[in-house]
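Bear in mind that the values here come from a model prediction, so they are computed numbers and not experimental data. We number each residue from 1, following the sequence as shown.
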Amino acid sequence: MAQTIAHSLFTEFDINLFKGGKHYRLYEKFGSHIITVDGVEGTYFAVWAPSAKSVSVIGDFNYWLEGEHQLNVRWDGSGVWEGFIPGVTKGAIYKYKIRNTSNNVTTEKADPFARRCEHPPKTASQVWEDDYQWKDKKWMKNRKKNNALDAPYAVYEVHLGSWKKQIDENRFLSYRELADDLVKYVKDMNFTHVEFMPIMEYPYDPSWGYQLTGYFAPTSRFGYPDDFKFLVDKFHEAGIGVLLDWVPSHFPSDDHGLGFFDGSHLYEHPDRRKGYHQDWKSLIFNYGRNEIKAFLISNAIFWLDQYHADGLRVDAVASMLFLDYSREDGEWEPNMFGGNEYLEAIDFIKEMNAAVYESFPDVQTIAEESTSFSKVSRPIYDGGLGFGMKWMMGWMHDTLGYFQKPTEYRKYHQNELTFGLNYAFSENFMLPLSHDEVVYGKKSIANKMPGDEWQKFANLRLLYSFMYTHPGTKLLFQGSEFGQTSEWNFEGSLDWHLLAYDVHTGAQSLVKDLNKFYSKEPALHQKQFSHEGFEWIDHGDHQNCIMTYIRKGKNEKDNIIIVLNLTPVPRENYRIGLPKAGTLKQVFNSDDKKYYGTNNYKNTKLTSEEKEWNNRKNSIELNLPPLGMLAFKFK
């Protein structure tokens with residue numbers, strides 16, 4: 001059996017960058033790489049294990065025997081073990097067997113940099129490479145305008161394992177099957193972007209992908225790495241951006257994963273107060289260690305570089321920012337200034353965002369951050385964290401809380417809808433109705449709505465209409481667009497059979513048209529992060545539960561007047577003030593027949609009167625449908 005040959009892909013400069021936490025393309029060096037040395041083909045292996053006494057590559061090519069292929073430790077104190085094994089080629093299954101230098105603990109670990117992993121529940125890594133030829137040159141060249149902050153940005157959030165299944169064979173759809181079905185659907189629905197819940201390899205299906213063990217490998221549940229590239233390529237061909245959920249906040253303690261990697265606390269912080277997440281029973285990265293920062297930033301860069309992702313939605317940012325997150329007194333230690341901010345994690349986040357935007361200025365990083373931490377989506381030079389956008393969790397909470405209330409009580413709670421506009425422009429906010437809102441007994445979005453079936457779906461249409469005319473970008477979880485009535489079940493498929501009923505096709509048609517409306521109308525996206533893009537006409541009519549406002553574009557002719565009737569009582573001859581005299585044209589009606597609305601409340605006289613109302617010189621009387629949104633522009 002061929003022995004390990006001393007060989008290195010690392011230069012002295014690589015090692016210095018790695019030790020300093022500044023090497024952002026570690027995936028080009030670490031892991032397994034098929035190369036030729038002295039005319040012999042084989043695989044080069046490199047792994048970081050500074051507390052190891054010995055490291056062996058074990059696999060199907062050496063009968064999993066320790067010592068057959070020992071790696072050599074570098075002389076420079078970097079803790080890098082490496083070597084070339086002749087004859088090991090693509091598809092070989094392997095792990096690292098690591099003996100600790102001080103306590104003689106032995107671990108068997110998957111490769112942290114593996115490009116492919118075995119299909120769970122198997123846990124080994126696989127030597128892999130592909131020569132996929134990308135066909136998205138046009139998209140990549142032009143995506144800057146599609147990802148810009150003044151562009152329409154409507155995201156369809158997807159869990160690949162449960163969007164749709166091959167029912168007859170009781171299996172997942174493959175990446176390539178999804179490249180037909182999912183791409184066509186997202187395109188037909190007029191979403192601008194798709195967001196995948198984590199597709200990096202994970203061992204436990206009920207974690208939905210948020211407990212990662214293979215940070216550099218797309219999960220093998222749906223196919224091979226080049227198949228996933230094909231899926232991304234097809235989305236780009238259809239003009240749709242691809243966002244990936246990314247989880248630098250914690251990782252599981254599975255035996256083959258990153259935890260206690262070389263018999264020491266290598267990836268996780270050694271202090272349990274910083275290294276263990278009590279809610280998720282998982283481990284937390286040691287953000288103060290340079291090599292860990294380089295690992296994580298390299299991982300973020302990897303998905304943008306190797307898989308042409310158009311952005312990263314960063315999970316659980318709040319848990320990284322605060323030392324006392326989900327901890328009681330005595331379970332955390334203040335920082336050097338006596339505060340609760342996790343300074344090392346904050347520095348890591350800033351460095352990650354700076355590195356991403358330096359290499360890929362045409363993508364977006366999006367923070368799932370649930371606190372009032374300031375300047376999350378502001379530039380680092382301005383004291384911010386450097387994200388492109390932040391989820392507006394307050395809007396989600398207040399809006400769903402309002403819409404779940406019986407309509408007769410809403411007049412007492414209208415401030416829950418209006419309050420968000422007081423801080424809507426403090427960040428670049430994305431409005432999320434995500435998977436988190438349709439699990440754990442929270443009900444589906446449709447079943448949160450009060451009333452009989454007609455009212456439920458009228459409320460649903462009104463909720464989405466409010467969302468799409470509110471400042472900010474949009475995110476909607478799969479199934480919500482057609483009013484799925486059951487909670488999301490990660491083990492099953494969406495209830496596509498519901499589309500046999502008009503009430504569900506009506507909701508689906510509404511979302512399809514709202515996406516088009518949002519993209520087509522400049523006033524709804526050009527100034528979506530600026531107070532200049534929004535103006536109240538009247539937010540104080542609590543008694544009738546009616547709100548009116550103006551969304552503004554760069555040109556006044558693009559401005560849109562929005563009227564919301566938040567009760568099932570139609571309002572005839574309801575007067576609103578107008579910004580100027582003129583004649584209106586209706587450009588959207590959520591009560592339209594094709595949305596399963598009544599279509600009974602027409603507005604035929606749309607010329608303003610010189611009558612003061614809402615502190616404006618001109619006004620108009622309108623007929624407002626029950627639980628409906630109307631949108632108008634001046635002719």
Side-chain angles (χ1 to χ4, degrees), residues 157 195 197-198 207-212 243-252 268-269 272-288 292-293 296 300 311-329 331-335 337 339-353 356 364-378 380 383-401 420 423-424 426-437 439-440 442 472-473 475:
E157 185 188 28
E195 178 185 317
M197 291 166 66
S207 79
W208 312 333
Y210 290 98
Q211 299 272 8
L212 305 180
L243 310 176
L244 303 180
D245 269 14
W246 185 55
V247 191
S249 48
H250 64 112
F251 59 93
E268 69 272 22
H269 199 287
R272 191 174 175 86
R273 294 173 294 182
K274 291 183 178 180
Y276 182 73
H277 200 295
Q278 300 170 115
D279 289 354
W280 303 320
K281 305 294 186 285
S282 55
L283 304 174
I284 302 172
F285 286 104
N286 185 355
Y287 303 108
I292 300 302
K293 288 198 294 184
L296 287 171
L312 300 172
R313 176 269 196 185
V314 184
D315 183 63
V317 172
S319 73
M320 302 167 65
L321 296 177
F322 298 102
L323 294 164
D324 60 346
Y325 182 88
S326 196
R327 296 181 190 274
E328 302 294 333
D329 290 345
E331 296 177 345
W332 63 282
E333 183 181 39
N335 62 37
F337 303 110
N340 65 342
E341 298 87 1
Y342 192 168
L343 301 178
E344 293 86 354
I346 291 170
D347 286 344
F348 155 70
I349 289 170
K350 291 179 178 180
E351 191 171 333
M352 179 277 296
N353 278 319
V356 163
Q364 293 292 347
T365 60
I366 304 167
E368 188 230 354
E369 204 285 311
S370 55
T371 75
S372 58
F373 193 93
S374 64
K375 297 188 174 183
V376 171
S377 58
R378 293 294 178 257
I380 296 165
L385 293 182
F387 285 100
M389 297 179 220
K390 169 183 170 173
W391 276 20
M392 195 175 185
M393 306 296 279
W395 173 90
M396 176 276 298
H397 180 270
D398 291 345
T399 300
L400 289 181
Y423 64 91
S426 61
E427 301 277 2
N428 298 337
F429 278 122
M430 172 177 279
L431 311 183
L433 293 176
S434 74
H435 65 275
D436 279 328
E437 310 318 314
V439 291
Y440 298 143
K442 294 180 181 178
T473 54
L475 178 138

A side-chain contact here means heavy atoms from C-beta on lying under 4.5 Å apart; do Ile366 and Thr473 qualify? no
Just wondering, do Met352 and Pro248 contact through their side chains at under 4.5 Å, heavy atoms? no
Should Ile346 and Met320 count as side-chain neighbours, where that means a heavy-atom distance under 4.5 Å? no
Given side chains that start at C-beta, do those of His269 and Ile284 come closer than 4.5 Å, heavy atoms only? no
Side-chain donor/acceptor of Glu427 to backbone N/O of Ser377, under 3.5 Å: yes
Spacing of CG belonging to Leu321 relative to OG belonging to Ser249, to within rounding of 0.5 Å: 10.5 Å
Any donor and acceptor pair, going by atom type alone, linking the side chain of Arg327 with main-chain N or O of Arg273 inside 3.5 Å? yes
Supply the atom-to-atom distance Gln278 CD to Tyr325 OH, rounded to the nearest 0.5 angstrom. 12.0 Å
Would you check if the side chain of Glu368 reaches a backbone N or O of Ala316 as a donor-acceptor pair within less than 3.5 Å? yes
Could you pull out the closest heavy-atom pair between Val317 and Val314, with the gap in Å? CG2-O, 3.5 Å
Applying salt bridge (charged side-chain N to carboxylate O under 4.0 Å, His left out), can you list everything that pairs with Glu369, at least two apart in sequence or on another chain? Lys390
Listing request: all salt bridge (charged side-chain N to carboxylate O under 4.0 Å, His left out) pairs with a residue in residues 274-286, at least two apart in sequence or in separate chains. none
Apply side chain to side chain contact (heavy atoms under 4.5 Å, CB included) to His250 and Ser319, showing your working. CA-CA 9 Å; His250 64 112; Ser319 73; 5.8 Å; no
Taking all non-hydrogen atoms of both residues into account, name the closest pair between Met393 and Pro432 and its distance. SD-CG, 4.2 Å
Rounded at 0.5 Å granularity, tell me how far CE in Met430 sits from CG in Leu475. 5.5 Å
Of all heavy-atom pairs between Gly386 and Ile380, which one has the smallest distance, and what is that distance? CA-CG1, 3.9 Å
Does the side chain of Phe387 reach to within under 4.5 Å of the side chain of Asn353, using non-hydrogen atoms? yes
Is a side-chain donor or acceptor of Tyr287 paired with a backbone partner of Leu343 at a separation under 3.5 angstrom? no
State, to 0.1 Å, how close Pro334 and Leu323 come at their nearest heavy-atom pair, and which atoms those are. C-CD1, 4.0 Å
Using side-chain heavy atoms (C-beta onward) and a distance below 4.5 Å, is Asp245 in contact with Asp315? no
Checking Lys442 side chain against Asp436 main chain: does a donor-acceptor pair fall under 3.5 Å? yes
Can you label the angle between the Trp208 ring and the His435 ring as parallel, tilted or perpendicular, going by 30° and 60°? perpendicular
Please report the shortest heavy-atom distance between Val247 and Leu212, naming the atom on each side. CB-CD1, 4.0 Å
Is there a side-chain contact between Trp332 and Phe322 (heavy atoms, below 4.5 Å)? no
Salt bridge (charged side-chain N to carboxylate O under 4.0 Å, His left out) partners for Glu331, two or more places apart: none
Phe251 and its ring pair (Phe, Tyr, Trp, His ring centres under 6.0 Å) partner, picked from Tyr210, Phe285, Tyr276: Phe285
Euclidean distance, Asn340 CG relative to Asn335 CG, rounded to 0.5 Å: 7.5 Å
Using 0.5 Å steps for rounding, measure from the OG atom of Ser434 to the CZ atom of Arg313. 7.0 Å
Value rounded to 0.5 Å, distance of CD1 in Ile292 from CD in Glu344: 13.5 Å
Grab the two heavy atoms, one from Pro252 and one from Leu283, that are nearest each other, plus how far apart they are. O-CD1, 4.4 Å
Any non-hydrogen side-chain atom of Leu433 less than 4.5 Å from a side-chain atom of Met396? yes
